[in-house]
There are 4 protein chains.
Amino acid sequence: MNREMKKEQTRQRIKDAALSLFAEQGYETTTIEQVAKLAGVAKGTFFNYFASRDELICELRSVLVMNEVAKLKDKPGPLIPRMRMFIFELVQQLPHNKSVMRALFQGILGSYPALELIEQLMEAIVPLISHGQDNGELRKDMPATMIARLTIQTYYGALIVWSMSNEDEGLNEQIAITFDLFFKGIAA
Amino acid sequence: MNREMKKEQTRQRIKDAALSLFAEQGYETTTIEQVAKLAGVAKGTFFNYFASRDELICELRSVLVMNEVAKLKDKPGPLIPRMRMFIFELVQQLPHNKSVMRALFQGILGSYPALELIEQLMEAIVPLISHGQDNGELRKDMPATMIARLTIQTYYGALIVWSMSNEDEGLNEQIAITFDLFFKGIAA
Amino acid sequence: MNREMKKEQTRQRIKDAALSLFAEQGYETTTIEQVAKLAGVAKGTFFNYFASRDELICELRSVLVMNEVAKLKDKPGPLIPRMRMFIFELVQQLPHNKSVMRALFQGILGSYPALELIEQLMEAIVPLISHGQDNGELRKDMPATMIARLTIQTYYGALIVWSMSNEDEGLNEQIAITFDLFFKGIAA
Amino acid sequence: MNREMKKEQTRQRIKDAALSLFAEQGYETTTIEQVAKLAGVAKGTFFNYFASRDELICELRSVLVMNEVAKLKDKPGPLIPRMRMFIFELVQQLPHNKSVMRALFQGILGSYPALELIEQLMEAIVPLISHGQDNGELRKDMPATMIARLTIQTYYGALIVWSMSNEDEGLNEQIAITFDLFFKGIAA
DNA sequence: CATGAATGAGGTTTCATTCAT
DNA sequence: AATGAATGAAACCTCATTCAT
């Protein structure tokens with residue numbers, strides 16, 4: 001048990017160190033030696049935890065790739081509050097550090113999985129929107145796919161501008177303001 | 001005369017090759033050897049045109065950094081159509097190729113000038129918005145800076161989602177749809 | 001313990017290989033690949049021991065830069081035998097290999113520290129000479145600084161001509177003959 | 001005629017530029033581009049005057065290699081004044097610039113002709129010395145070869161220390177002082 | 001004869017990865 | 001399981017030299 005926990009801790013230390021360095025210097029400029037040093041282990045030890053540099057990067061990237069989108073559809077209640085809640089839950093899992101966020105985006109943009117990301121999100125959201133339109137909650141003069149897409153744009157737009165701005169505003173707050181306006185725009 | 005032109009052509013060939021490879025593989029993975037080969041010149045020739053790899057990257061990045069934002073404020077007429085026009089002009093200058101766009105974003109996210117970009121845009125847009133609020137064109141229940149920021153978010157959100165989606169929709173069209181909704185949201 | 005020793009040995013092997021190649025081909029013509037090969041290590045290993053080519057060169061150069069000149073002044077007894085002894089000690093520490101010696105000179109001539117070398121030597125020797133003049137051991141019709149300078153000239157002249165001559169005479173012997181004549185010339 | 005002169009001038013300009021850069025930065029660090037620029041010609045032009053970089057270097061090196069030593073033996077009169085005169089003539093032909101001198105030494109030390117230099121000088125001087133011993137002008141308790149060698153050592157010692165010292169003293173003066181003492185030491 | 005764009009071999013340096021200790 | 005020395009492929013960049021203009 002103790003053994004297991006220690007291993008898990010080391011693994012996490014390595015991931016934290018990597019994310020921190022990626023944020024500071026970008027993906028490609030960060031070397032395993034730096035990561036190992038910051039994590040307080042030897043270079044060789046790194047490879048006991050991750051088979052390769054790429055494995056680490058993949059694992060870190062997955063933070064932005066929301067696997068849990070699927071859960072959304074199963075919950076009951078009016079749509080807009082449910083979406084709002086869901087978006088906040090997503091944001092909660094993200095790193096609230098601007099340069100880490102930039103590093104994550106950078107990583108995603110350079111990888112193939114990126115391209116599936118939007119598609120997955122679309123697949124999850126479109127049925128919800130359609131349902132909302134049938135309910136009378138959402139406007140019907142736009143196709144559901146378009147509304148879905150605008151939602152995603154709004155989400156990523158908020159994230160990326162937040163990550164690139166110099167001010168101190170919180171991500172939560174920014175997301176809240178942004179979606180307030182957006183939900184009004186797509187309401188029936 | 002002929003000599004000069006040839007030089008200019010070669011320079012452009014190198015830039016095109018680089019952009020194309022950056023789009024395919026990302027910034028850091030692209031080597032000078034690849035760029036040179038695709039441009040049809042020798043490795044050494046590359047360095048007759050760009051002092052270093054970084055110099056090339058900087059030059060390419062500047063495409064996304066809109067220096068012409070400033071021109072916006074001097075034009076007359078009602079605000080919303082003017083902004084719409086301006087945004088289309090911006091978009092016209094961008095590469096309408098998804099992977100090139102992704103590469104550019106990737107590059108910007110990893111560089112310091114990125115951070116000034118948002119600020120510059122804000123400085124250019126805020127006065128316009130204020131003016132629009134005074135005119136009665138724009139809603140007054142939100143600070144001008146917030147509206148400005150939402151505008152920028154909307155712009156980048158549209159760009160980034162377009163660049164990451166697998167469908168064939170045009171960027172112009174996507175921008176048009178997006179801002180239609182947005183402008184309604186911020187109108188008085 | 002064993003590990004440490006091996007490292008030290010490897011480091012020494014690299015230095016020996018480098019000196020040997022510098023002697024054969026000169027400083028600038030010698031590549032790290034050659035050094036590594038002769039030392040029996042991989043190119044990358046070289047950089048585990050020396051941060052750069054320059055670091056190695058600096059370290060090797062320091063052989064000719066006599067840090068121990070200072071010790072001279074503290075010893076007692078008549079001056080000329082003391083100086084003779086001191087010069088022999090200096091010579092003992094030098095590489096008794098003509099081409100290595102040439103390589104070292106070449107290196108020194110191309111570096112700034114070279115210029116401080118003479119000055120340091122002068123600072124160490126002038127007081128000795130002055131003292132010898134006060135003692136009546138050395139001639140007084142020449143300023144101490146001039147005698148000091150002639151001493152240094154004599155030393156380097158002997159070294160350089162030895163290193164450039166094709167015969168087999170030993171360096172020690174050559175130095176002995178040279179300074180015999182010189183000391184007679186500066187005695188009172 | 002005019003054509004010829006212009007060519008000769010350009011050739012000299014190139015040599016001067018090269019020597020000046022060698023002095024500043026050493027042999028290997030100086031590129032043909034730098035030389036051409038300082039000489040005010042294009043890179044390609046350089047190769048109209050010198051077949052290769054090495055040819056230029058060889059030609060510059062020959063300044064220090066005294067081909068005219070041979071002439072010495074044919075002159076009449078007492079030996080020591082004749083040698084003194086000869087040495088001054090040699091010195092006159094050298095560059096009286098410390099860093100140029102260092103560069104020349106550096107170049108010589110890294111080339112094979114260096115090794116023949118001493119031998120040539122010995123061959124020229126030994127007969128003179130022998131003759132001087134027979135005359136009764138020079139001491140007979142040392143072999144002529146040894147005196148010859150000491151002469152050469154004295155010469156190079158003076159040159160090299162002058163080139164490495166930071167003071168402003170002239171080379172002529174330094175040589176004069178040095179050989180005054182030396183000639184006394186070898187006189188009968 | 002002068003030019004300078006093009007060439008590519010060759011140099012230094014970096015770094016992910018392996019493996020003996 | 002942890003270490004860090006060794007490895008070598010591969011990157012960036014330099015520069016002597018060629019050659020079409």
Side-chain angles (χ1 to χ4, degrees), chain A residues 3 6-7 10 28-37 39-57, chain B residues 1-4 6-7 9-11 28-37 39-56, chain C residues 1-4 6-7 9-11 28-37 39-56, chain D residues 3 6-7 10 28-37 39-57:
Chain A
R3 200 76 159 256
K6 228 173 188 172
K7 265 193 82 168
T10 304
E28 307 293 338
T29 329
T30 299
T31 71
I32 286 181
E33 188 148 21
Q34 290 173 326
V35 172
K37 190 173 182 182
V41 299
K43 221 189 327 180
T45 307
F46 175 91
F47 290 93
N48 291 341
Y49 289 87
F50 297 89
S52 72
R53 189 180 184 277
D54 275 351
E55 192 178 300
L56 166 68
I57 288 183
Chain B
M1 177 89 97
N2 198 3
R3 199 80 163 260
E4 283 293 302
K6 227 174 188 173
K7 251 195 108 169
Q9 269 179 23
T10 304
R11 192 182 173 86
E28 308 292 340
T29 330
T30 298
T31 73
I32 286 177
E33 189 148 18
Q34 290 172 329
V35 172
K37 192 173 180 181
V41 298
K43 214 185 336 172
T45 306
F46 174 91
F47 290 95
N48 289 340
Y49 289 88
F50 297 91
S52 73
R53 191 178 179 280
D54 273 352
E55 193 179 296
L56 167 68
Chain C
M1 175 89 98
N2 198 3
R3 199 79 162 259
E4 283 293 303
K6 229 175 188 169
K7 253 195 106 170
Q9 270 178 22
T10 304
R11 194 183 171 84
E28 308 291 339
T29 331
T30 299
T31 72
I32 286 177
E33 189 148 19
Q34 291 173 328
V35 171
K37 192 173 181 183
V41 299
K43 215 182 338 174
T45 306
F46 175 89
F47 290 93
N48 290 341
Y49 288 88
F50 297 91
S52 72
R53 193 178 179 281
D54 273 353
E55 192 178 300
L56 167 68
Chain D
R3 200 73 160 259
K6 227 171 188 173
K7 267 193 80 169
T10 305
E28 307 292 338
T29 329
T30 299
T31 71
I32 284 181
E33 189 148 20
Q34 291 172 326
V35 172
K37 191 172 181 182
V41 298
K43 220 188 329 178
T45 307
F46 174 90
F47 289 93
N48 291 339
Y49 289 87
F50 297 90
S52 73
R53 190 180 184 278
D54 273 350
E55 191 178 300
L56 167 67
I57 288 184

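Throughout, a chain's letter reflects where its sequence line sits, starting with A, and its residues are numbered from 1.
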Exercise for the section: Looking at every strand, decide which applies to D/T31 at a 4.0 Å heavy-atom threshold: base, sugar-phosphate, or nothing. Expected result: sugar-phosphate
Fill in the blank from the handout: Rounded to the nearest 0.5 Å, the CD atom of C/E4 sits from the NZ atom of C/K7 at a distance of 7.0 Å
Problem - Touch class at under 4.0 angstrom, heavy-atom based, for A/K7 against every strand present - result: nothing
Fill in the blank from the handout: dist D/F46:CZ -> D/E33:CD (nearest 0.5 Å) comes out at 12.5 Å
Handout entry: Nearest-angstrom distance from the residue atom CD of C/E33 to C1' of F/dT7
Key = 13 Å
Exercise for the section: Find the distance B/F47:CZ to F/dA11:P and express it as a whole number of Å. Expected result: 12 Å
Problem - Length of the line joining D/K43:NZ and F/dA16:P, which is rounded to integer Å - result: 8 Å
Handout entry: Euclidean distance, atom NZ of residue D/K37 to atom C1' of F/dC15 [Å, nearest integer]
Key = 16 Å
Practice task
Using a heavy-atom cut-off of under 4.0 Å over every strand shown, decide if C/F46 touches base, sugar-phosphate, or nothing.
Solution key: nothing
Problem - Atom-to-atom span, CD of A/E28 to P of F/dA11 - whole angstrom - result: 12 Å
Handout entry: Along DNA chain E, first and last positions that approach a heavy atom of chain D under 4.0 Å
Key = E/dC1 to E/dA6
Handout entry: 5' precedence on DNA chain F between B/N48 and C/G40 (nearest-nucleotide basis)
Key = C/G40
Practice task
Tell me, yes or no, whether the heavy-atom count around B/E55 atom CD, taken from other residues, nucleotides or ligands under 6.0 Å, exceeds 12.
Solution key: yes
Problem - Protein-nucleotide distance (B/R53, atom CZ; F/dC12, atom P), rounded to Å - result: 5 Å
Practice task
Have a look at B/Y49 and say if it touches a base, only the backbone sugar-phosphate, or nothing, with a 4.0 Å heavy-atom cut-off.
Solution key: sugar-phosphate
Exercise for the section: Select from C/D54 and B/T10 the residue whose nearest nucleotide in DNA chain E is closer to the 5' end of that strand. Expected result: B/T10
Exercise for the section: Rounded to the nearest 0.5 Å, what's the gap from CD1 on B/I32 to CG on B/L56? Could you check? Expected result: 8.0 Å
Handout entry: Complement of E/dG4, any strand, by Watson-Crick or G-U distances under 3.5 angstrom
Key = F/dC19
Handout entry: Separation between OG1 of D/T30 and CZ of D/R53, rounded to the nearest 0.5 Å
Key = 7.0 Å
Exercise for the section: Give none if E/dT12 has no partner; otherwise give the nucleotide forming a Watson-Crick or G-U wobble pair with it, both distances under 3.5 Å. Expected result: F/dA11
